[in-house]
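Take a look at the structure below.
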2 protein chains.
Amino acid sequence: MSTINLKRLAEELNLSASTVSRALRGSHEISQETKDRVKALAEKLGFQPNPHASSLRQSKSNTIAVVLPEIENNFFSQVMNGVEDVAQKKGYHVLIYLTHEAFAREKDILQVLRNGRVDGIMISVSNTTTSEEHLQEVNRSGLPLVFFDRIVESIDVPRVSTDDTDAAFKGTEHLVEKGCKRIALLSMSGLLSISSRRRNGYLNALKKYGMETDGLQVECGTDDETNRRLITALLQGPNPPDGIFAAVEKLAINTYEVCRQLGVKIPSQLKIISFSNLSVTALFDPPLTTIVQPAYEIGKEAAAVLFKIIQKKTLVPGEKKSVFPSHIVERASTGG
Amino acid sequence: MSTINLKRLAEELNLSASTVSRALRGSHEISQETKDRVKALAEKLGFQPNPHASSLRQSKSNTIAVVLPEIENNFFSQVMNGVEDVAQKKGYHVLIYLTHEAFAREKDILQVLRNGRVDGIMISVSNTTTSEEHLQEVNRSGLPLVFFDRIVESIDVPRVSTDDTDAAFKGTEHLVEKGCKRIALLSMSGLLSISSRRRNGYLNALKKYGMETDGLQVECGTDDETNRRLITALLQGPNPPDGIFAAVEKLAINTYEVCRQLGVKIPSQLKIISFSNLSVTALFDPPLTTIVQPAYEIGKEAAAVLFKIIQKKTLVPGEKKSVFPSHIVERASTGG
DNA sequence: TTTATTCACGCAAACGATTACGAAATTTCT
DNA sequence: AGAAATTTCGTAATCGTTTGCGTGAATAAA
C-alpha cells in the first residue's frame with residue numbers, strides 16, 4: 001500500500017534501518033537527539049511498523065483469540081466487552097471465533113490457532129464438546145490458554161467462572177423461601193461441568209429442604225420448539241411443579257412462552273428464577289427474577305490472567321482459579 | 001513453539017523448501033506423487049505455514065476488522081454473527097474493535113489498522129464522530145472499506161443498511177393507523193445520517209397526515225437517567241403525546257421504565273413502537289411492537305461485499321449500496 | 001599520554017514463507 | 001536422431017523488522 005517502511009525512513013534520515021528501529025523502540029543505545037529526529041519524521045509520515053514482519057521476527061503477534069459458543073447472548077457480549085477493554089489497554093488485538101455450539105467447529109478453530117497467529121486463547125467450550133484432546137494439544141503446545149465460564153475441569157489451565165453451584169443453590173433456596181413445594185430444573189443437555197454444577201446446586205437445595213426431585217428434572221436442547229413441548233408436558237403432567245429453576249436464560253424464555261400459551265399465571269401458579277444477564281428481564285410480564293453473572297468482570301479477569309501468562313508472570317494462587325460471585329436480582333416472577 | 005516449518009519438512013522429505021511450499025499450495029509444477037508425499041507428511045506432523053511469514057511475503061493477512069460502537073446490543077451481535085459466518089467460509093479471521101461510541105477511539109483504531117494488519121475493514125461509525133478525515137484516509141490508502149448500518153453518506157465506499165426512512169415512515173404510520181393523534185419522536189443526538197433518516201421518515205409520515213410535531217421531538221443521549229427525565233417531562237407536559245416512535249431500542253426501554261413509574265398505561269394511554277432487534281420484547285409488559293432490522297443478513301452482505309472488493313472483483317451496482325428492508329412486528333404496545 | 005570504557009551507530013543475519021528464474025531430465029515433435 | 005517443448009524441481013532473492021556483533025569516536029580512568 002503506502003509502502004513507507006523502515007528502510008525508506010532510514011534513507012530520508014541518513015541513518016541505517018537498525019538505528020531507526022532502535023530509536024523508535026526507545027533503545028538506550030541511541031542518542032536522544034537521533035531519537036527525536038527519527039520519531040519526528042516517523043510521526044510526520046505516519047509510519048507504522050509492518051505487523052507481520054514484526055511478528056515474524058519476534059514470534060509474537062500481539063493478538064489473542066476469544067473462542068465462544070455464540071455472541072448473540074448478553075453474557076458473552078459482556079464478556080467480550082471486558083476482554084476488549086483490557087486488550088485495548090495492553091495494545092493487543094482480539095480475534096473472535098464462534099463455535100455455534102459445534103464440537104467440530106471448535107476443533108477446527110483450535111487447530112488453526114496453533115500456528116503463531118495468536119499469543120493466547122480464551123475459550124468457553126461448546127456444549128457438544130465430547131473430547132478434550134483438542135484442548136490438551138493446545139495446552140501441550142505451550143500456547144497460553146484460559147477457560148472462562150464453561151470450564152473443562154480436567155485440564156490444568158487457569159479458569160475464570162462464577163460460583164455456579166452456590167448460585168444455583170441460592171436460587172433454588174429462593175424459590176423454597178417463596179413457598180414453592182415442587183421445584184423443577186430446566187437444564188441444557190450435554191457434558192458441560194457448568195451444567196452439572198448448577199444441577200448440583202439445585203439438588204443440594206432440594207435435599208436440604210427434603211424436597212422431591214422425581215420427574216422434575218428436564219433436559220432441554222437448542223431447539224425452541226422441542227423445549228416448549230417438554231415444558232408443556234411438565235406443566236400439564238399429573239403432578240406439575242410450582243417453581244422452576246432455569247439453568248439458562250433461553251429456557252426461562254421458553255417457559256414464559258409456554259405459560260402464556262397455557263394461561264399459567266406467574267408467579268401465583270408458577271414461580272420462575274433463571275440464570276440470565278439480560279437487563280430487560282425487568283420489563284417482562286411479570287419481571288423475571290434472575291441470577292446475574294458478573295460477565296464483564298469475568299471477561300476482564302480472564303483477559304488479565306491470559307496476559308499474565310503471556311508475559312510469563314507467575315500467577316498468584318487465586319488467579320489460577322478465580323471465582324466471581326453471581327447475585328440474585330429479585331423480581332415479580334418469584335414474588336409472593 | 002513447535003517450530004515445525006517448511007525447511008524441516010523439506011529435510012525430512014529430501015526436498016527443497018520451495019518444492020514443499022508449492023506442493024502444499026497445489027502448484028501444477030509439482031508431480032502428483034511428490035504432492036501426495038508432501039501432503040501426507042504435512043498432515044501427519046500437523047504442519048501449518050507460519051501466518052506472519054506468509055502474510056509478510058504475500059502482503060495479505062487473511063484477516064478483516066469489524067469496528068462497531070458496542071457489542072452488548074442484539075443488532076450488532078447479529079451482524080457479527082453474519083460476518084463471522086461468511087468469514088469462516090472464506091477462511092478469513094475476524095478482528096473485533098469496539099469504539100464505545102467514542103470518536104477518539106474510533107480514530108485510533110482506524111489509524112492502527114492502516115498498516116497491513118487487515119485486508120479490509122467493516123465499520124458502523126460512532127455517534128460522536130464529527131469528522132470524516134480518518135475514514136477518508138483509510139479509503140485513500142486503498143484499504144477496502146465497507147459501511148454498515150451507520151453510514152457516512154459523503155464517503156464513496158460500499159454501504160449496507162436498512163431502509164431507515166421508509167421503515168420509520170411505516171412505523172409512524174402504524175401509530176397513526178392505531179389512532180394516535182400526537183406522536184413523539186425519541187432519537188439519539190448526534191450527526192449520524194441514520195438518525196436524520198429515521199427522523200425524516202417520522203416527519204414525512206406526520207406531514208402526510210397533517211399532524212403536529214411541535215415539542216414532540218426529543219433528543220436523548222447515552223445516559224439513562226437523563227433520558228428518563230426527558231421522557232418524564234414529555235409525558236407530564238401540558239400537551240403529552242399519545243404515541244411514541246423510538247428511533248433506538250434503548251429509548252423504548254427508558255420509556256417503559258418511565259411509564260411504569262408514572263403509571264401510564266400502554267397502549268391505552270400511550271402507544272409505543274421502536275426499532276429493536278431484541279426478540280424477547282415479545283415478553284415485555286405489554287409486548288413491544290418493533291421494527292426489526294435484518295441484522296444477520298446485513299452482516300453477511302457487508303462481509304460478502306468486502307470480500308469482493310478484497311478480491312478485486314467488480315461490484316454490480318446493487319452491491320455498492322445495498323438496502324435490506326426492515327419489517328414491523330406488531331405487538332400489544334400499539335394494540336387497539 | 002596511554003589505555004579502558006562508554007556511546008552511538010552500521011552490518012548483516014536472522015524470522016519462515018513465497019516465487020522469479022534457471023537447469024536437469026524427460027517427453028514430444030520433425 | 002536431433003531439436004524443441006515440457007515436466008519437475010532447486011537456488012536464491014525477497015517481504016520488513018529486529019538484534020547480535022563489531023567498530024570508530026568520544027570520554028573516563030590510569
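For clarity, every value in this text was computed on a predicted model and none was experimentally measured.
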Spacing of [X] atom [atom1] relative to [N] atom [atom2], expressed in whole Å:
| X | N | atom1 | atom2 | value |
| --- | --- | --- | --- | --- |
| Leu24(A) | dT19(D) | CG | C1' | 15 Å |
| Lys7(A) | dT14(D) | NZ | C1' | 9 Å |
| Leu13(A) | dC9(C) | CG | C1' | 13 Å |
| Lys60(A) | dA14(C) | NZ | C1' | 19 Å |
| Phe47(B) | dG16(C) | CZ | P | 10 Å |
| Gln48(A) | dT17(D) | CD | C1' | 14 Å |
| Asn5(A) | dT17(D) | CG | P | 5 Å |
| Asp36(B) | dT8(D) | CG | P | 12 Å |

Q: Would you check, one step at a time, whether the test salt bridge (charged side-chain N to carboxylate O under 4.0 Å, His left out) holds for Glu101(A) with Arg150(A)?
A: CA-CA 12 Å; Glu101(A) 306 281 16; Arg150(A) 304 203 190 159; 2.9 Å; yes
Closer than 4.0 Å, any side-chain N/O of [X] to the OP1 or OP2 of [N]?
| X | N | result |
| --- | --- | --- |
| Arg25(B) | dT19(C) | yes |
| Thr19(A) | dC9(C) | no |
| Thr34(B) | dC9(D) | yes |
| Ser54(B) | dA17(C) | no |

Q. Are any non-hydrogen side-chain atoms of Ile71(B) and Glu84(A) less than 4.5 angstrom apart?
A. no
**Q.** Options dT19(D), dG10(C), dT19(C), nucleotide nearest the side-chain atoms of Ser21(A)
**A.** dT19(D)
**Q.** Selected nucleotide, minimal atom distance to Pro49(B) side chain, candidates dG10(C), dT17(D), dA17(C)
**A.** dA17(C)
**Q.** Whichever of Arg22(B) and Ala53(B) has its nearest DNA chain D nucleotide further upstream toward 5'
**A.** Arg22(B)
(Q) With no hydrogens and no angle check, just 3.5 Å: does a side-chain donor-acceptor pair link His134(B) and Glu106(B)? (A) yes
Q) Is the closest side-chain donor-acceptor distance between Arg117(A) and His93(B) under 3.5 Å? A) yes
Q) Ion pair present between Glu133(A) and Lys107(A), side-chain N to carboxylate O less than 4.0 angstrom? A) no
Is a donor-acceptor pair below 3.5 Å formed from side chain [X] to base [N], judging by atom type as modelled?
| X | N | answer |
| --- | --- | --- |
| Arg117(B) | dG16(D) | no |
| Glu29(A) | dC7(C) | no |
| Arg8(A) | dG16(D) | no |

Q) Which is true for Asn14(A) with a 4.0 Å heavy-atom rule: it touches a base, it touches only sugar-phosphate, or it touches nothing? A) sugar-phosphate
Q.
Applying a 4.0 Å non-hydrogen cut-off, can you work out what Ser31(B) is touching in the nucleic acid: base, sugar-phosphate, or nothing?
A. sugar-phosphate
